[in-house]
Every structure is written in C-alpha cells, then in structure tokens.
Amino acid sequence: MDPVTESLNELHRRISALTGGEVASYIPKLAQADPDDFGIAITSMSGHRYQAGKADTAFTIQSVSKPFVYALALTDLGPDEMLRHVGAEPSGEAFNAISLEPGTGRPANPMVNAGAIATTALVKAADPAARSARILGWLSAFAGRPLDHDEDVYASEAASGDRNRALAYLMRSAGSLEDDPYSVTDTYFRQCSVRVTAADLAVMAATLAKGGLNPVTGERVVSQDVAVRTLAVMATCGMYDGAGQWLLNVGLPAKSGVAGGLIAASPGRFGIALYSTPLDTEGNPVRAVAALTEMSERFSLHLMHAPVHLTTTVTDTVHAARSSRARDSAQAAVLDRDPRRIAVVGAQGDLEFTETEQLLNAVVRATPATPGAMVLDLTAVTGISPGPATMIIATLADLQRRGHHVAIALQQPFLDQADGHPGSWTTTRDDAVAWCEDRFLSGEHPVGAQDIAPHSQ
Ligand code: GLN
C-alpha cells in the first residue's frame, strides 16, 4: 500500500471512533443516511487519487455545489457584474439565515442559501430545464465523469423547501432576484440533489486547487482567475458562521454540505473531500472537521503558513562563457582579450516574486565589472508571472543602458511573447552566448546604451 493511502487509513480509523453531531433531517430523505459511513478522498495535482473508507458511497452534493455554480455564474457574468448581484462578505450567520443587505436586498455571499439561490438564477440558459442541464454538465466537468440527480432527495427537498422559497420571494420583493422565485428555487433544489461520492468531490476540489485545470482529465474547466476568486469566497464564507474559527484552525478554503460532504482545497497541492453525515451546530460534518484540523497541522497546510521553497531557482552562474561556434584565430584573440566579459546566469522552475528576486540578485552579482554581456538562460523556466516578467525586462534594460549586451534564452512559447523587449531572445544558451560574441567581434555597442564607460560595482 502506498504511504498516502496508509496514512489516510490510519486517520480514518481514528476519526471513525468520533461520535457527536446530528444527521440533518429537515430534508426528510437525508435522515435515512447511515451516520457511521465515513469516507476520505484526495486528488493530487498530478491526478493521483487516494481514498480511505466509504469514498465511493453516493450522497447528494447539497451546498458543496455552491462554489462550483458560483464559478459558472462568475464565468458568465465577470467579477464586477457578479458582485452587483451577490456580495462577498462573510455573513456570520447560519446557512439558511433570512438576511439581505439593507436597501439593496443583495445577499451577503454566494455560500449561504440566499446568495446561492441568487447565483443559480444568474447562470445563463434559455429556460429552467436548460439551466439545470447546464449546471449538471458543469459539475460533471469538475468531477471528470457524468453525474446524475438523486430524484428521491430532490423530491424530498422540493416537498419541504419552503424556507428556501421564502428566501427567494424575499429577494424578489427586495429587487435582488429577477426570475420567478418558485422556479429558481426548484433549479437550486435540483442542483443540490446532484449525486456524488467523496472521490468525485476530491477531483472537483483538486480542479480548483489546480487553478481551474482538472488534474485527472486534463481539461481546463474554469480560468485561473475564476478558480482563485471561488477559493477566496470559500475561504471567507464556506463554513458559514464557523468560517472564522475554520480559517484559524485549518486555514484552507472549504465548503460543507448538509448531506455530509465537505471539500477543502490546498492550492497547488491537492483537493480533499470527506463524507460523514453527523453535523455540528454550524452545519459542518463533525468527523470531517476533526480530520482536516488534524491534517492541516500535521502537514502544515494552513494558507498563512510560509511556503517552503524546495527547489533552487538559480542553477548556475558562469563568468567567462564561450559558445560552441568555430572562431578563427583573430576572432578567438578578440574574445580571449577579456574572457570574463560574457556572464551567464541559469534558472529553472516557475518564476514568482521570490524566485525572481533570487534570480535577479544572482544577475547583479554576476554582471561583468566592465561593459560586457549578460546572458539569462531561462530554458529550464516553466512559468513566468506578469510581475516577475516586468522585473526581468527592467533589469535587462538597465544592464543595456549601462553598456552591456543582453541576451536571454527561453522556451519557444515565452519567446512568442517577446516582441520589443531589450537584447536578443533565443531558445538556447549557446545561441545567446554566440550572439554576444558576434556583437564583440563586430565592435557593436548595445542598442540603447547611454554610458559605455567601465562600470564598477
Ligand atoms: N439544499 C440544502 C438547503 O438549501 C443545502 C444546504 C446545505 O447543504 N447546507 O437547505
């Protein structure tokens, strides 16, 4: 057995013994669920799936659907329009609280029922049936398999859902819901009755944790921006009136549902889902909360925990680089005159702020003392965020102004975006170094150089 499954099994064994909490009964059909069922599932960023206990037992998604439908409406409307209809402030109230923003009637956030019903109404579709179908297809894309409805739970909730209908009518009278309240609530009940397993929910959470990319199917389900916003709302509002305590103890964006499901996303690491029906007074599954609290501590998953940078960004620094080009003896003599004139700094991985700061510090240290050339070998770099890209370009432009030739080697996709940037941009370190040598051999000064006097550091 692999070590992840082994440790999940061990956790599952211990937490299974935990009692306490009540199985939800206001939707009569839910009361029939087995309070002893307990499943845990994890999907990693590479799409590996691990599980323990009843991770393949089907139950209804209920409120765990809310962040995903929010992501759909957000994709349809864009962030500004979305915010005009549904707020993003934690309400500090129960999931079914009857409270709307005074004046506008706008619900506090999309994770409480009022906000979720308003969000469902914003999903673009020709009619209610098309809207339900679209939501089902959307949830299925997150899960990576076709999901269906639990018709019994749907009927049970439709027969007992007057409080949610009351919320919808209240929003309509306050002007924050345009659609027919009865029909929108019905679509919401269908959304809540989508049948999933903990294994499905783990893939859905992992898709958010991977910036909108389903790690199992490889499909991009939502944009990175929508995934980030969805996780942000989960972090502040996902656990209802227990959200603050949750952020303190566990520190991960999460969402619970009244049928016993709970998801949490550890961005860039994994999605996790738990299933256990007894709920605490805030409506969150007791065993799931205990298991995640322990896991967060054991694996330092808290969002505010400073990340450990395991890979080094700078791979090497060369102070006297020469290309593999054949040079005749006269050329070699020119290049040998000051062999320390071409410096190379190599880097790897994704360049975010911290990595770029390391890289550019290495560039400053390696810059030749007299006007020469600086080659950045970024061929092993896999991602460059916009802020870091600006920092790198500013550094190159500065080196050029100070009389240095600058060349940068990058993978082709980055190169395609390189128009109008300083120096030479190529795909190999050798080409970049050769380009600098050619400049020395032709006696050229860098374009844009203001000061080619020796620069001392
Ligand atoms: N369908 C449920 C309701 O609206 C969802 C609530 C929940 O899961 N917390 O009451």
Side-chain angles (χ1 to χ4, degrees), residues 21-33 58-70 86 90-100 107-121 132 135-136 139 147 149-171 177 181-196 198 200-201 204-205 233-234 237-243 246 254-264 273-286 288-289:
E22 294 277 336
V23 179
S25 60
Y26 75 99
I27 299 173
K29 185 78 192 157
L30 293 184
Q32 296 172 11
F59 55 95
T60 51
I61 188 167
Q62 299 298 339
S63 287
V64 184
S65 63
K66 290 170 180 173
F68 300 101
V69 175
Y70 175 66
V86 181
S91 65
E93 292 182 299
F95 69 96
N96 57 1
I98 303 191
S99 75
L100 303 171
N109 67 67
M111 300 294 117
V112 292
N113 286 7
I117 294 166
T119 301
T120 299
S132 269
I135 290 172
L136 184 64
L139 296 174
L147 302 174
H149 294 103
D150 183 323
E151 297 296 340
D152 290 344
V153 173
Y154 161 71
S156 180
E157 182 163 20
S160 60
D162 285 341
R163 189 182 175 100
N164 281 324
R165 289 193 189 98
L167 274 173
Y169 279 101
L170 197 63
M171 286 191 285
L177 183 72
Y182 197 93
S183 151
V184 167
T185 320
D186 187 69
T187 308
Y188 167 75
F189 294 152
R190 286 202 78 70
Q191 161 192 328
C192 288
S193 74
V194 168
R195 202 178 350 220
V196 289
D200 290 326
L201 288 183
M204 296 175 79
V233 175
M234 284 166 66
C237 312
M239 300 297 275
Y240 310 123
D241 38 346
W246 176 265
K255 187 73 202 79
S256 61
V258 79
L262 186 146
I263 58 167
L274 301 100
Y275 169 59
S276 170
T277 53
L279 310 177
D280 62 20
T281 48
E282 276 120 17
N284 300 316
V286 171
V289 171

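Everything numeric in this text was worked out from a predicted model, so none of it was measured. Counting convention: from 1, in listed order, for ligands and their atoms alike.
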*Asks:* Sequence neighbours left out, what passes ring-ring contact (aromatic ring centres under 6.0 Å, His included) with Phe95? Give chain and number order.
*Replies:* Tyr240
*Asks:* Glu157 heavy atoms, cut-off 4.0 Å: which ligand 1 atoms fall inside?
*Replies:*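 The list of qualifying atoms is 1 (N), 2 (C), 3 (C), 4 (O), 10 (O).
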*Asks:* Counting only heavy atoms, which portion of Phe189 has something under 4.0 Å from ligand 1: side chain, backbone, both, or neither?
*Replies:*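 Answer for Phe189: neither.
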*Asks:* Partners of Phe189 by ring-ring contact (aromatic ring centres under 6.0 Å, His included), sequence neighbours excluded?
*Replies:*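 So Phe189 forms no ring-ring contact (aromatic ring centres under 6.0 Å, His included) with any residue.
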*Asks:* Under 4.0 Å from a heavy atom of Cys192: which atoms of ligand 1 are those, numbered in the order shown and with their elements?
*Replies:* 1 (N)
*Asks:* Val258 heavy atoms, cut-off 4.0 Å: which ligand 1 atoms fall inside?
*Replies:* 7 (C), 8 (O), 9 (N)
*Asks:* When you look at Arg190 and Thr187, which way does the side-chain contact (heavy atoms from CB on, under 4.5 Å) test go after all the steps?
*Replies:* CA-CA 5 Å; Arg190 286 202 78 70; Thr187 308; 5.6 Å; no
*Asks:* State whether the shortest distance between N or O atoms of Ile27 and N or O atoms of ligand 1 falls below 3.5 angstrom.
*Replies:*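 No; every N/O pair is 3.5 Å or more apart.
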*Asks:* Which one holds for Asn113 and ligand 1: side chain close, backbone close, both close, or neither close, with close meaning a heavy atom under 4.0 Å?
*Replies:* side chain
*Asks:* Using distance alone, decide if ligand 1 has a nitrogen or oxygen within less than 3.5 Å of any nitrogen or oxygen in Tyr240.
*Replies:* yes
*Asks:* Select the closest option to atom 9 (N) of ligand 1 among Ser63, Gly261, Ala114, judged by heavy-atom distance.
*Replies:*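 Selected option, by shortest heavy-atom distance: Ser63.
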*Asks:* Using a strict 4.0 Å cut-off to heavy atoms of Gly257, name the atoms of ligand 1 that fall inside it.
*Replies:* 8 (O)
*Asks:* Using a 4.0 Å cutoff against the non-hydrogen atoms of Phe95, which atoms of ligand 1 qualify?
*Replies:* 6 (C), 9 (N), 10 (O)
*Asks:* Does ligand 1 have any atom sitting under 4.0 Å from a heavy atom of Tyr188?
*Replies:*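 Per 4.0 Å heavy-atom rule, Tyr188 contacts ligand 1.
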